[in-house]
Asks: 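Take this structure, written in C-alpha cells, and hold onto it; I'll ask about it next.
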Protein chains: 2
Amino acid sequence: MTSDRPYHHGDLRAAVLAAAVDAIAESGPAGIRLRDLARRAGVSHAAPAYHFGDKAGLLTALAAEGFALLADDLQRTGEQTGSFHEVGVAYVRFAIGHPAHFAVMFQPDLYHPDDPGLLAARARADSALSSGIDALSDRQAGPDPGVAGTAAWSLVHGFATLWLTGALPGTSGARSGDDPEAVARAVVDLLFRA
Amino acid sequence: MTSDRPYHHGDLRAAVLAAAVDAIAESGPAGIRLRDLARRAGVSHAAPAYHFGDKAGLLTALAAEGFALLADDLQRTGEQTGSFHEVGVAYVRFAIGHPAHFAVMFQPDLYHPDDPGLLAARARADSALSSGIDALSDRQAGPDPGVAGTAAWSLVHGFATLWLTGALPGTSGARSGDDPEAVARAVVDLLFRA
DNA sequence: GACGGAATCTTTACACTGACTAGATTCCGC
DNA sequence: GCGGAATCTAGTCAGTGTAAAGATTCCGTC
C-alpha cells in the first residue's frame, strides 16, 4: 500500500485541530474520536498523539485556541467601540461563530485545566472581559461592581449557551429567523437600561 | 464465584441512575462508563443496557429526571412566593444542588433528544419557568416580554453554568466563601431593579 | 554536498469500552 | 403450582485510546 502522500503532513497539528472543530460541530465534544480525526487528516491513527499527548491534550489545545480567539475579539471590540454592550454582543457572536471551541472551553472535565498555555489564554480573555466590565461600572450606579460584572457575564454566557443548545424558543420555534446577535443586543440593553 | 446477593437487584434502574449521578460528580458526563456503573450497582456489566437500551438511553433518563425535578422546584417556588426573582434563584439552587443532572440536561448531544418522556418533562419545566416570566412581565415595563424572559432565563442559566464550571472569580478566588444563592439573588435583583 | 541528531509519522500491540446474543434465574398473574 | 414475562448473567465482537518501537524525513553543521 504505497501511498503517494508525503511521509510528513506539513502541519498536522493544525489539521487535527480543524478536523476536531468539524467533528464537534457534527456530533458534539463527547462524540469525538482520535482515530476519526486521524482519518480525516489522512494520517495513521496514532499520529495525533504525538502532537497532543492524549485526547485531553487535544481538547486542551482546542480550548486554549478558543480562549485566545475570544480574547482577541473582546479586546478589539472594546478598543473600537468602548462600549461594554458591544463587548457583550461580541461574546455572543464568538460563541455562535465558534460553537465547537465554545463548547469545549467551558467543560473543564474534557481537558487538562492546569495547562500553562490554556491558563494564559484564559487569563487574557478574562482580562479583556474585565476591562469592559470596569468601563461599565464607571458609568453604572450599581451597588457592587462585582455583582454587575457577574450579572453581565452570566447574561451573555447564558444566552450563548441556551442559543447553542437550541433551548430558546426562538431557535427552533416560530421566531427561528431571528438574528441571534440582534436578540443578544436587546437582552444586553435590558440589563443596563437605567 | 457463587455470590450471596440475589439474582434480581430489586431496583436496578434507580441504582444505576444514582451511580451515574455519583460518577458524573466525580469526573463529568464524558467520563461516565456503563461498566463502571454496573460495578457500583453490583451487577453484571450488561445489566444496565436492559433498562436503558444504550448509554444515551441512560443519559436520556437522567436528563428527564432532571427536568422533572426542576419543574417541581420551579412550580413550587412560584406558587409559594409568587415572585419571579425567587423562581430564578430556585433555578440556580437546582443547578448547584443537582450538578450532574444539570450538566447532562443541557448537552443534547449526549442523549436522545426526541425521547417522549424527556420532552414531556422538559415541557413541564419550560411551562413552570414561563409562568414565572409571565407574572414578571405584567409588572415589567419592558418593551418586549419575550426579550425580558430570554434575558431572565439567560441570566440565571449563565450564572449557574459559570458557577458550576468554576469560571467565576468567586468560585475559587478570594470570595470563595460566598453563598452562591445570595450572589444569584443580587444578580437577579440587578436585572429587574427598575 | 554529506553527515547525524531531532522531529515527525507508521506499525504493532494491548487493555478497555459499548453493544449484541443466547441462556439462566426469578417474579407474578392466573 | 404452572407458564409466560421480566430481569439478570455470560460470552463475544468491533472499535477506541494509549504506549512502545521502528521507519522516514527534515535541518543545522561541517
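Values below: all heavy atoms of this structure, side chains included; hydrogens, waters and symmetry mates excluded. Every chain is numbered from 1 and lettered A, B, ... according to where its sequence line falls, protein lines coming before strand lines.
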Asks: CG of B/D11 versus P of C/dC27: gap in Å, rounded?
Replies: 15 Å
Asks: Measure from the side chain of A/K55, starting at C-beta and using heavy atoms only, and say which of C/dG18, C/dT8, D/dG17 lies closest.
Replies: D/dG17
Asks: Using the closest heavy atom to pick a nucleotide of DNA chain C for each, name whichever of B/A49 or A/A47 lands nearer the 5' end.
Replies: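 Here A/A47 is the residue nearer the 5' end.
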Asks: Could you state the CG-P distance from A/D36 to D/dT16, rounded to the nearest angstrom?
Replies: 8 Å
Asks: Specify the separation, in whole Å, of atom CG of A/D54 and atom P of D/dA19.
Replies: 7 Å
Asks: Report which part of the nucleic acid B/I32 touches: base, sugar-phosphate, or nothing (heavy-atom distance under 4.0 Å, all strands).
Replies: sugar-phosphate
Asks: Can you figure out which of C/dA19, C/dT11, D/dG17 approaches the side chain of A/S44 most closely?
Replies: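 Between C/dA19, C/dT11, D/dG17, the one nearest the side chain of A/S44 would be C/dT11.
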Asks: Decide, yes or no, whether a salt bridge links B/R76 with B/D72 under the criterion of side-chain N to carboxylate O below 4.0 Å.
Replies: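 Answer for the salt bridge query: no.
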Asks: So B/H45, base contact, sugar-phosphate only, or nothing? Heavy-atom distance under 4.0 Å.
Replies: base
Asks: In whole Å, what is the span from the CZ atom of B/R13 to the C1' atom of D/dT7?
Replies: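 The distance from CZ of B/R13 to C1' of D/dT7 comes to 14 Å, rounded to the nearest Å.
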Asks: Over 60° means perpendicular and under 30° means parallel, so tell me whether B/F94 and B/H98 are parallel, tilted or perpendicular.
Replies: parallel
Asks: For A/Q107 and B/Q107, what are the C-alpha separation, side-chain angles and deciding distance, and is it a side chain to side chain donor-acceptor pair (under 3.5 Å)?
Replies: CA-CA 11 Å; A/Q107 281 188 272; B/Q107 281 189 272; 3.2 Å; yes
Asks: Could you state the CZ-P distance from A/F52 to C/dC9, rounded to the nearest angstrom?
Replies: 11 Å
Asks: At less than 4.0 Å, is any side-chain N or O atom of B/R39 found next to OP1 or OP2 of C/dT17? Yes or no.
Replies: yes
Asks: Within the structure, does a side-chain N or O atom of A/R33 lie under 4.0 Å from either OP1 or OP2 of C/dG18?
Replies: no
Asks: Taking the side chain of B/A46 as its heavy atoms from C-beta onward, which of C/dA19, C/dT11, D/dA10 lies nearest to it?
Replies: D/dA10
Asks: Rounded to the Å, how far apart are A/L37 CG and D/dT16 C1'?
Replies: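 Result: 12 Å.
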Asks: Nearest nucleotide by nearest heavy atom, which residue falls closer to the 5' end of DNA chain D, B/R35 or B/G10?
Replies: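 Taking each residue's closest nucleotide, the earlier one in sequence belongs to B/G10.
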Asks: State, yes or no, whether a side-chain contact exists between A/R185 and A/V188 at a heavy-atom distance under 4.5 Å.
Replies: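 A side-chain contact under 4.5 Å is absent here.
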Asks: Without decimals, in angstroms, what is the distance between A/H112 NE2 and D/dT18 C1'?
Replies: 12 Å
Asks: Report yes if the side chains of B/E181 and B/V89 come closer than 4.5 Å at any heavy-atom pair, otherwise no.
Replies: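 Side-chain contact under 4.5 Å: yes.
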Asks: Tell me whether the OP1 or OP2 atom of D/dC8 has a side-chain N or O from B/Y50 closer than 4.0 Å.
Replies: no
